[in-house]
Amino acid sequence: MTEEPGYILEIKNLNYSYDNRTNVLNNINLRIKKGEKIAVLGANGAGKSTLFLNMNGVYNSNSGEIYLHQTKITRKNINMLRKSAGYVFQEPDSQIVGSTVFGEVSFGLSNLKLPPDEIKEKTIKVLKEMGLYNYKDMPPHYLSGGEKKRVAIAGVIAMEPEIILFDEPMSSLDPGNSQMFENLLKKLENEEKTIIISTHNTDFAYRWAGRIIVMDKGNIIADNTPIKIFTSEEILKTANLGKPLLLQVYEIIKEKYGKNIMDYGNAPRCINEFAEWFCHL
Ligand code: ADP
């Protein structure tokens with residue numbers, strides 16, 4: 001049976017339990033379009049990683065349905081989902097298996113049984129893009145946390161998935177590596193990848209995402225635009241989320257000088273937008 005067209009990924013009534021008793025995902029329903037930039041927020045244990053691992057076919061719940069390009073995912077065709085949706089683990093050590101950086105980044109391509117020349121070409125391209133070429137012969141465990149994270153990301157993007165799931169990608173990155181990650185996101189966006197990122201960084205989510213999904217205790221409690229999410233005191237309180245700094249400053253200035261009219265139509269999303277808005281006040 002086909003679903004409504006237009007969605008790259010659709011999840012219907014998905015439940016997931018690790019022990020066949022307690023659900024860690026409760027009746028998840030999501031429709032995701034190609035090219036969307038989605039941030040998933042929620043406290044530790046809310047179910048974000050479990051949802052991602054269902055979205056890329058590592059876990060296969062027998063309760064609920066997942067459709068990729070309107071094709072229902074079953075045990076028989078689950079490799080289709082695994083190939084289309086790349087998952088970057090929060091901890092690179094959970095993901096890295098190769099004995100060299102080159103071996104790690106080419107691992108997935110080798111599994112696809114591509115011709116050796118093509119594997120080499122694609123791996124070198126990604127190593128260069130990720131600033132890892134000079135490390136190619138090194139064992140990954142000799143690298144710093146940030147470099148290992150880049151290796152883990154490189155291994156996933158080498159496979160050219162159309163959906164990329166990043167699990168707390170910035171949690172262990174220094175400012176230089178964070179900037180590099182944001183530059184990579186821009187490149188992936190230009191390639192029209194669908195990008196889904198779990199994060200605790202509400203400043204980043206506010207600035208980057210087109211859509212925010214908030215999870216609490218295995219449930220999706222909100223799914224809306226950043227401005228709608230971060231201006232709902234109820235959602236912020238329930239999911240224990242901090243309001244993005246830029247929005248706080250905007251509200252304070254509006255309150256003082258805005259004749260008590262709190263509209264969010266022009267609320268700045270990044271520092272440049274803020275500076276422009278402020279100069280026009
Ligand atoms: P988040 O990514 O939001 O921190 P997780 O998906 O990691 O949340 O965890 C959701 C719940 O599932 C938590 O209660 C966690 O303890 C539990 N959990 C996660 N992984 C496993 C596992 N492999 N086995 C059993 N329980 C797990």
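Ligands are counted one by one from 1 in listed order, and the atoms in each one are counted from 1 as well.
- In summary, the atoms of ligand 1 found under 4.0 Å from a heavy atom of A46, numbered by their order in the structure, are 1 (P), 3 (O), 8 (O).
- Remark: minimum distance from atom 23 (N) of ligand 1 to any protein heavy atom is reached at Y18 CE2, 3.5 Å.
- K186 has no carboxylate O lying under 4.0 Å from a charged side-chain N of E182, or vice versa, which leaves the two without a salt bridge.
- None of K193, K125, K122 except one satisfies the salt bridge (charged side-chain N to carboxylate O under 4.0 Å, His left out) rule with E160; the exception is K122.
- Listed by number with element, the atoms of ligand 1 under 4.0 Å from a non-hydrogen atom of S49 are 1 (P), 2 (O), 6 (O), 7 (O).
- When the options I32, L68, I66, I163 are evaluated for a side-chain contact (heavy atoms from CB on, under 4.5 Å) with M55, the one that passes is I32.
- Of the protein's non-hydrogen atoms, T50 OG1, 3.6 Å is the one closest to atom 5 (P) of ligand 1.
- The protein atom (non-hydrogen) at minimum distance from atom 15 (C) of ligand 1 is G45 CA, 5.0 Å.
- The contact set between ligand 1 and A43, taken as ligand atoms under 4.0 Å from a residue heavy atom, comprises 3 (O).
- Those atoms of ligand 1 that come under 4.0 Å of a heavy atom in N44, given as number and element, are 4 (O).
- Annotation for E118: atom CD counts as buried by contact number, over 12 foreign heavy atoms lying within 6.0 Å.
- When heavy-atom distances to ligand 1 are checked against a 4.0 Å cut-off, V24 comes that close only through its side chain, counted from C-beta outward.
- The side chain to side chain donor-acceptor pair (under 3.5 Å) test applied to T50 returns Y18, not counting sequence neighbours.
- Look at G218 and you'll find every heavy atom at least 4.0 Å from all atoms of ligand 1.
- The shortest N or O to N or O distance between K48 and ligand 1 is under 3.5 Å.
- Shown here for K149 and F89, the closest heavy-atom pair between the two residues is NZ-O, 3.7 Å.
- When hydrogens are left out, the protein atom nearest atom 8 (O) of ligand 1 is G47 N, 3.1 Å; that is the closest non-hydrogen contact.
- Below 3.5 Å of separation, one finds no N or O of Y59 facing any N or O of ligand 1.
- Here the options are N26, L25, L30, the test is side-chain contact (heavy atoms from CB on, under 4.5 Å), and the partner is I220; only L30 passes.
- Within a 6.0 Å radius of CG in N111, other residues, nucleotides and ligands contribute more than 12 heavy atoms.
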